[in-house]
Amino acid sequence: MDKDVTAKPVTAATLMRAKRDGHKMIWLTAYDASSARLAEAAGVDVLLVGDSLGNTCLGFDSTIPVTLDDMIHHTAAVVRGHRRAWVVCDLPFGSYQKSPEQAFESSVRVLQATACDAVKLEGGEHMAATIRFLAERGIAVVAHIGLTPQSVKKFGGYGKRGKSDSERGQLLRDAAAVEEAGAVAVVLENMPHDLAAEIGRTSAIPTVGIGAGPDCDAQVLVWHDLLGISESNPPFAPAYADVRQMMSDAITRWGEDVRDGRFPG
Ligand code: KIV
């Protein structure tokens, strides 16, 4: 059932108001126009064109091979499919880490080629200068701390972050630094729930949790995990449907109908 798609467009100010009012915002990844339309009609507030695109759609085993051109191609499709949601595009690995200027050039390409609303980048304290550089030039930036999949080779896996006292301290500093630098929201991925809650209490910008517990201002999931299309889900991302099975059943039945002469009828 379509939810209020005639409602006002979601903006960065909407996200801040929602935090102030204790109203949970719904974020979901999307990679094409039809899923954008569907998610929005089901009440999703923010469409994140995540670089999880690499794993979910492009057949890679990490986000590292995803390029800026890939992100632009899919973000433009999501923007074409959407009406009111806020659309965020992930800056992929290698497109922003070199310098604030490189991040600015990549962001300008994304914003001009897709007309999306914001860019997201991974990193905390060490990316604060870059976030500030973008924010001061009028770009809405979402930060992403905790488990940062683009650093999988450095960390050696996708495990929980913030379990030790020193990692916990670092994540608190990361959250404070990205807020102070001008990020409009911060994604908290795979970290202890009490740590995410503490960040949420001390932070003026909305926290967006994925594997970070119930006390975040918003929640985000990956489309393929939520719908049960992924071959396996992370432990913190339950599937709400078995769409993989449904698709497989439909294709199998149609194939049988073709082979047995029932289709076309
Ligand atoms: O790439 C992505 O889908 C993400 C979410 C998991 C937050 O960054």
Side-chain angles (χ1 to χ4, degrees), residues 15 24-32 35-36 39 44-68 70-75 77-78 85-97 106 110 114 116-124 127 131 140-152 155 157-162 171 174-175 178 183-191 196 199-200 205-213 216-227 229-230 232-239:
L15 306 187
K24 298 246 183 200
M25 297 296 270
I26 313 301
W27 294 44
L28 182 61
T29 70
Y31 313 102
D32 59 35
S35 50
V44 168
D45 301 298
V46 178
L47 297 167
L48 168 63
V49 191
D51 61 352
S52 50
L53 170 71
N55 309 72
T56 55
C57 300
L58 301 184
F60 297 124
D61 63 2
S62 80
T63 59
I64 291 173
V66 177
T67 66
L68 198 57
D70 294 332
M71 293 308 303
I72 287 173
H73 183 74
H74 287 264
T75 303
V78 167
W86 205 56
V87 181
V88 182
C89 172
D90 254 346
L91 292 180
F93 180 67
S95 72
Y96 64 94
Q97 290 93 341
S106 297
V110 164
T114 71
C116 74
D117 298 299
V119 295
K120 174 165 87 58
L121 55 79
E122 294 183 6
M127 290 307 298
I131 293 171
V141 185
V142 176
H144 180 158
I145 64 172
L147 167 60
T148 46
Q150 290 175 15
S151 307
V152 62
F155 291 113
Y158 294 101
K160 200 183 274 297
R161 303 282 187 269
L171 285 171
D174 286 338
V178 300
V184 298
V186 58
V187 171
L188 308 179
E189 182 164 355
N190 204 9
M191 64 175 65
I199 292 173
I205 59 172
T207 56
V208 185
I210 174 162
C216 298
D217 301 305
Q219 293 288 329
V220 61
L221 280 179
V222 168
W223 177 271
H224 292 61
D225 293 342
L226 173 69
L227 296 176
I229 303 170
S230 302
S232 71
N233 280 20
F236 52 76

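In this chain, residues are counted from 1 in sequence order. Here the structure is a predicted model, which is why all the values come from computation and not from measurement. For ligands, and for the atoms within them, numbers begin at 1 and follow the listed sequence.
The shortest heavy-atom contact between Pro92 and Thr67 is CG-C, 3.5 Å.
In this structure, the side chains of Tyr158 and Glu189 stay at 4.5 Å or more apart for every pair of heavy atoms. Between Phe155 and Thr148 the shortest side-chain heavy-atom distance falls below 4.5 Å. Counting only heavy atoms from C-beta outward, the side chains of Asp51 and Phe93 never approach each other to under 4.5 Å. Residues Trp27 and Leu15 have side chains in contact (heavy-atom distance under 4.5 Å, counting atoms from C-beta outward).
When heavy-atom distances to ligand 1 are checked against a 4.0 Å cut-off, Asp51 comes that close through both its backbone and its side chain.
Nearest to atom 4 (C) of ligand 1 by heavy atom, out of Leu48, Val142, Val187, Val222, is Leu48.
The only option from Val119, Val110, Leu53 that meets the side-chain contact (heavy atoms from CB on, under 4.5 Å) definition with Met71 turns out to be Leu53.
Within ligand 1, the atoms closer than 4.0 Å to a non-hydrogen atom of Asp90 are 1 (O), 2 (C), 8 (O), numbered from 1 in the order shown. Close contacts between ligand 1 and Thr29 involve ligand atoms 3 (O) [criterion: under 4.0 Å to a heavy atom]. Short contacts between ligand 1 and Gly50, defined as distances under 4.0 Å to a heavy atom of the residue, involve ligand atoms 1 (O), 2 (C), 3 (O). For ligand 1, the atoms sitting less than 4.0 Å from at least one non-hydrogen atom of Ile210 are 6 (C), numbered in the order shown with element in parentheses. Here is the list of ligand 1 atoms found below 4.0 Å of a heavy atom in Lys120: 4 (C), 8 (O).
In terms of polar-atom proximity, Ser52 is counted as a contact of ligand 1, with an N or O under 3.5 Å from an N or O of the ligand.
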